Amino acid sequence: MYQQFFFLVMQIIFSWFLMLTISSTTSVESSTFLQAKPGCQSQCGNISIPYPFGIGDGCFIDQTVGGKSASGYNLRCNTSYDPPKLFPGKEGTIEIFSITETEIRVQTSKAYLCYNDSGHQFDYGRYELDMTSSVFTASYKKNMFFGIGCEIIATIIGQSGDNETALSTDSCISKCKSNKNMDVGACTGTSGCCQVTVPKGMKKFTSRLDGVLQGNPPKSSYNSCNFAFLAEAGQFTLEASDLRLNGSVRKDTKVIPVVLDWAIGDKSCEQAQVSPNTYACQNNSHCTETVNNPGYRCTCTKGYAGNPYLEPGCIASPLTDINECEDQSNNPCIGACTNTDGDYVCSCPPGSYGDGRKDGTGCATKFPVIKAALGLGFGLFFLVICTSFSYVMLKKQKIRKVKERFFQRNGGLMLRNQISSQTGGIETRIFTAEELELATNNYDEDQVLGRGGFGTVYKGALFDKRVVAVKKSKLVDQSQIEQFINEVIILTQINHRNVVKLLGCCLETAVPLLVYEYVSNGTLAEHIHDKNGFSTISWGSRLTIATEIANALSYLHSAASTPIIHRDIKSANILLDEKYTAKVSDFGASRLVPLDQTWVDTLVQGTLGYLDPEYFNTSQLTEKSDVYSFGVVVVELLTGEKSICFNRSEEQRNLATFFLSSMKANNLSQLLEDRVLNEGNPEQVNAVAELAKRCLSLKGDDRPTMKQVATSLEALTSLKINTPSDDNSKNVQSDPPQSDLSDVPLISYDSISTSHSAQNSLVAGDIVPR
């Protein structure tokens, strides 16, 4: 008890001293960095302008980005405002709010979408910010992308450098239950506000808005304006007035800053140091690599402060050591004086002992007290060893108690009891936190397999050499721990060759970790949406993959001990092994289906382009929602196109809608991928297309069950059909000869039963790269 109290007091004193030291050092370094080049303007209004930035010729650094003179260092102070405002370049219109050692804060505009009293769009505008030739990159750590409005889709399309291919396209849906009952301050997607993170390395982005009902908004959003914008996280708070902006978009006067990272040029430290004439780091400084953008930064060496970009470089910090021993006329020691970092040490002459300081105990004869000194030294040494050991043991005990608390809070005792009570040979394994840290090399970034909305998946190797995928979730609903444990038990009992196997979990962390079998050959989306325009999957393999997915979903819906609705079927969630065997993954949105229910109201969740429109409109989840999503995947296999693509025209943007219209117009052949058109038998391809069309019916009752779909695909796969010639391969939409497909069982839709809905789920399955 006394040791703990002693260590607590010492830690408080040390932390207080360290905080004062760091605060003082930071203040000195920050103030000394904010230096303009001598003879140049150092302020614009209330904003300091540190070099390498500057106003006017010769006042800013000259660097290149992509072989061209980099923009962003040259600034302009507009004194027509009161106080004056700072802008980039000679003609830049983006106001700069502040500049620090690593970033600047600027003002950006919003994309907007406004409707009049009749619900017709009357004002619309995108917003684009292009920084490809500048030294700036949008901060992925400090910014978020927001959508404000009712029944809208906010989309940010980001690019990296001069690459015209979209780095990423992220969207969120914002709905409004009621303006009177909205959760002011929240941004959850149901309160008139939604948000998504932004990718790393984004130098160009476009903000846009769309109505979720294809330009026909509900009456709740008439006579209002909706917005989409990038802003600094934590600086935007939803207010009721944000959803009642009538008339012109210019009535929205709220200004929220955006954080941009900056760097020197576009070369790494190693590349920049090769050219001394353009290398920016001055004396007493060193080069540091940037994380979010190309280029490098300069940092003062420890013990020095100032602006590392200005000659002659960093200078000795005010906290740098003073040599007290140099003043011989005022020597602080009786004997020899030795200078140390921040202090000095005095040494007594031979044959004496003491601290040797004039202001201390001085020096005394050594021999009478040598035994006492040795005893005291050994005693202090033993005390240090004991206290260090006690501290380590107390720290380990504290960590162990934290793990035990997490284990109990996450339902570890409940899971352990259920495993011991089951007799069905359950292979559920409860892993320790140390096992998974060792397996993933302490969750090294090089081990990341993919990231998603629920968390991150890491590749790992267990003690028995098995390669696994470890899912590290972002959050968990503590009110549904019992449901989580029950679902873990159920998923570990799933034994189907086309479903990724859940091997176990770890409950000793703040959020449970899930361990899955590792599937090595990437996702179906990566294979059919090849960037080079060439798919490695033949028509026969595509048909087999579709059959395997259908069998897996049929098993989940009707053969599992407790039926499961996946709720997020898409090509990115279908993994392929080295033999191109399909495995359904990512049960992060899955729902268990009670046998005594036919449907249940749930919060709408899924992926745009795959989401069942009936489920979206009613919030009633059934197994037919999986059927619709499966139909979109089949269309992807037929066409090689993505489910949503903003590069296509508006009527072709949604693949499912475009496919159905092409089928209706008897124009399917122009939509099919070349390899499907050349390799697939026309009758067989037509049969698969017709099956996909029925899966995409707007009403769930008009869709087949997954069992019926699997039966039809198995029959189509087993047919021995000759490869078509070049002539008939272009005539896929023609009527199939009855002799070739006479044995294929056609699906009967008269006996389709309504499917069960599902309860909430906490199991977040493995995430694949998007």
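No experiment lies behind these values; they were computed from the predicted model shown.
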Check your understanding: For the side chain of S275 and the backbone of A272, is there at least one donor-acceptor N/O pair under 3.5 Å apart?
Key -> no
Practice item. Might you point out which heavy atoms bring P84 and G45 nearest each other, and give the distance in Å? Key: CD-CA, 3.9 Å
**Study point:** N307 side chain to Q35 backbone, donor-acceptor under 3.5 Å
**Key:** yes
Check your understanding: How far apart are the closest heavy atoms of L113 and Y124, and which atoms are they?
Key -> CD1-CD1, 3.5 Å
Revision key, fill the gap. Taken to the nearest 0.5 Å, the spacing of E101 CD from C298 SG works out to 12.5 Å
Check your understanding: So do the side chains of F146 and F236 get within less than 4.5 Å of each other, counting heavy atoms only?
Key -> yes
Check your understanding: Under a 4.5 Å cut-off applied to non-hydrogen side-chain atoms, are I156 and L230 in contact?
Key -> yes
Review point. How long is the span from the CD1 atom in I47 to the CD atom in E95, to the nearest 0.5 Å?
Key: 6.5 Å
Exercise for review: Quick one: sort the Y458 and Y443 rings into parallel, tilted or perpendicular, breaks at 30° and 60°.
Suggested key: perpendicular
Exercise for review: Answer yes or no: is there a donor N or O on one side and an acceptor on the other, between the side chain of S171 and the main chain of T155, under 3.5 Å?
Suggested key: no
Review point. So, K203 side chain and D130 main chain: donor-acceptor pair closer than 3.5 Å or not?
Key: no
**Study point:** D62, CG: over 12 other non-hydrogen atoms inside 6.0 angstrom
**Key:** no
Review point. Tell me, do I49 and L86 make a side-chain contact under 4.5 Å, heavy atoms counted?
Key: yes
Practice item. Give the minimum heavy-atom separation between S643 and L608, together with the two atoms involved. Key: OG-O, 3.9 Å
Practice item. Taking atom types as modelled, find out whether N292 and D261 have a side-chain donor-acceptor pair closer than 3.5 angstrom. Key: yes
Exercise for review: Would you kindly say whether S80 and N78 are connected by a side-chain donor-acceptor distance under 3.5 Å?
Suggested key: yes
Practice item. Examine the side chains of K570 and T607 and answer whether a donor and an acceptor come within less than 3.5 Å of each other. Key: yes
Point to revise | Pairwise salt bridge (Lys or Arg N to Asp or Glu O under 4.0 Å) hits with a residue in residues 131-142, at least two apart | key: E103-K142
Exercise for review: May I ask you to decide if T100's main-chain N or O and W262's side chain share a donor-acceptor pair within less than 3.5 Å?
Suggested key: yes
Exercise for review: Go through the steps for V392 and K395 under the test side-chain contact (heavy atoms from CB on, under 4.5 Å), then give the verdict.
Suggested key: CA-CA 5 Å; V392 172; K395 187 174 181 179; 5.7 Å; no
Point to revise | S139 versus V198, closest heavy-atom pair with distance | key: O-CG2, 3.7 Å
Practice item. Determine if the SG-SG distance between C281 and C287 falls under 2.5 Å. Key: no
**Study point:** Pairs flagged by side-chain hydrogen bond (donor to acceptor under 3.5 Å, both in side chains) wherever residues 38-58 is involved - sequence neighbours left out
**Key:** Q43-S48
Review point. Do the non-hydrogen side-chain atoms of D170 and F145 ever get within less than 4.5 Å of each other?
Key: no
Practice item. Check the pair K459, Y518 against side-chain contact (heavy atoms from CB on, under 4.5 Å), reporting the backbone distance first and the verdict last. Key: CA-CA 8 Å; K459 182 180 179 180; Y518 173 67; 3.8 Å; yes
Review point. Donor-acceptor pair, Q235 side chain versus E232 backbone, under 3.5 Å?
Key: no
Study note, to complete from the structure: Minimal heavy-atom distance between N226 and L209, with the atoms involved, is O-CD1, 3.2 Å
Check your understanding: Is the closest basic N to carboxylate O distance between R297 and E289 below 4.0 Å?
Key -> no
Exercise for review: Fit a plane to each ring of Y73 and F53, take the angle between them on a 0 to 90° scale, and name the class: parallel (under 30°), tilted (30 to 60°) or perpendicular (over 60°).
Suggested key: tilted
Practice item. Report yes or no: does R76 contribute a side-chain atom to a donor-acceptor pair with the main-chain N or O of K90 at less than 3.5 Å? Key: yes
Point to revise | SG-SG distance C346 to C337 under 2.5 Å | key: no
Practice item. Kindly determine whether F97 and Q107 satisfy side-chain contact (heavy atoms from CB on, under 4.5 Å), including the steps that lead there. Key: CA-CA 7 Å; F97 297 137; Q107 177 184 1; 3.4 Å; yes
Revision key, fill the gap. Rounded to the nearest 0.5 angstrom, the NE2-OG1 distance for H286 and T301 is 6.0 Å
Review point. Do side-chain atoms of S174 reach the backbone of G149 as a donor and acceptor pair under 3.5 angstrom?
Key: yes
Check your understanding: Side-chain donor-acceptor pair under 3.5 Å between T206 and E128, yes or no?
Key -> yes
Exercise for review: Hey, could you give me the OG/NE2 distance between S571 and H527, rounded to the nearest 0.5 Å?
Suggested key: 11.5 Å
**Study point:** Test side-chain contact (heavy atoms from CB on, under 4.5 Å) applied to V258 and L129, step by step
**Key:** CA-CA 11 Å; V258 171; L129 179 60; 5.9 Å; no
Review point. CD of Q195 to SG of C187: how many Å apart, nearest 0.5 Å?
Key: 4.5 Å
Review point. If you measure from the SG of C300 to the SG of C314, is it under 2.5 Å?
Key: yes
Point to revise | Test disulfide (SG to SG under 2.5 Å) applied to C325 and C333, step by step | key: CA-CA 8 Å; C325 300; C333 300; 5.6 Å; no
Exercise for review: Indicate yes or no: at least one non-hydrogen side-chain atom of L260 is less than 4.5 angstrom from one of M131.
Suggested key: yes
Practice item. Would you mind reporting whether I148 and Y112 have side-chain heavy atoms less than 4.5 Å apart? Key: no
Point to revise | Contact check, side chains of F87 and I94, non-hydrogen atoms, under 4.5 Å | key: no
Check your understanding: Roughly how far, to the nearest 0.5 Å, is NZ of K37 from CD1 of I61?
Key -> 9.0 Å
Review point. Got a donor-acceptor contact below 3.5 angstrom from the N283 side chain to the G313 backbone?
Key: no
**Study point:** Nearest heavy-atom neighbours spanning C506 and A433
**Key:** SG-N, 3.5 Å
Practice item. Could you tell me whether a side-chain N or O of Y296 sits under 3.5 Å from a main-chain N or O of A280, the two making a donor and an acceptor? Key: yes
Check your understanding: Within a strict 4.5 Å, meaning less than it, do heavy atoms of the Q63 and V135 side chains meet?
Key -> no
Point to revise | Cation-aromatic face contact K110/Y127, 6.0 Å, 45 degrees | key: no
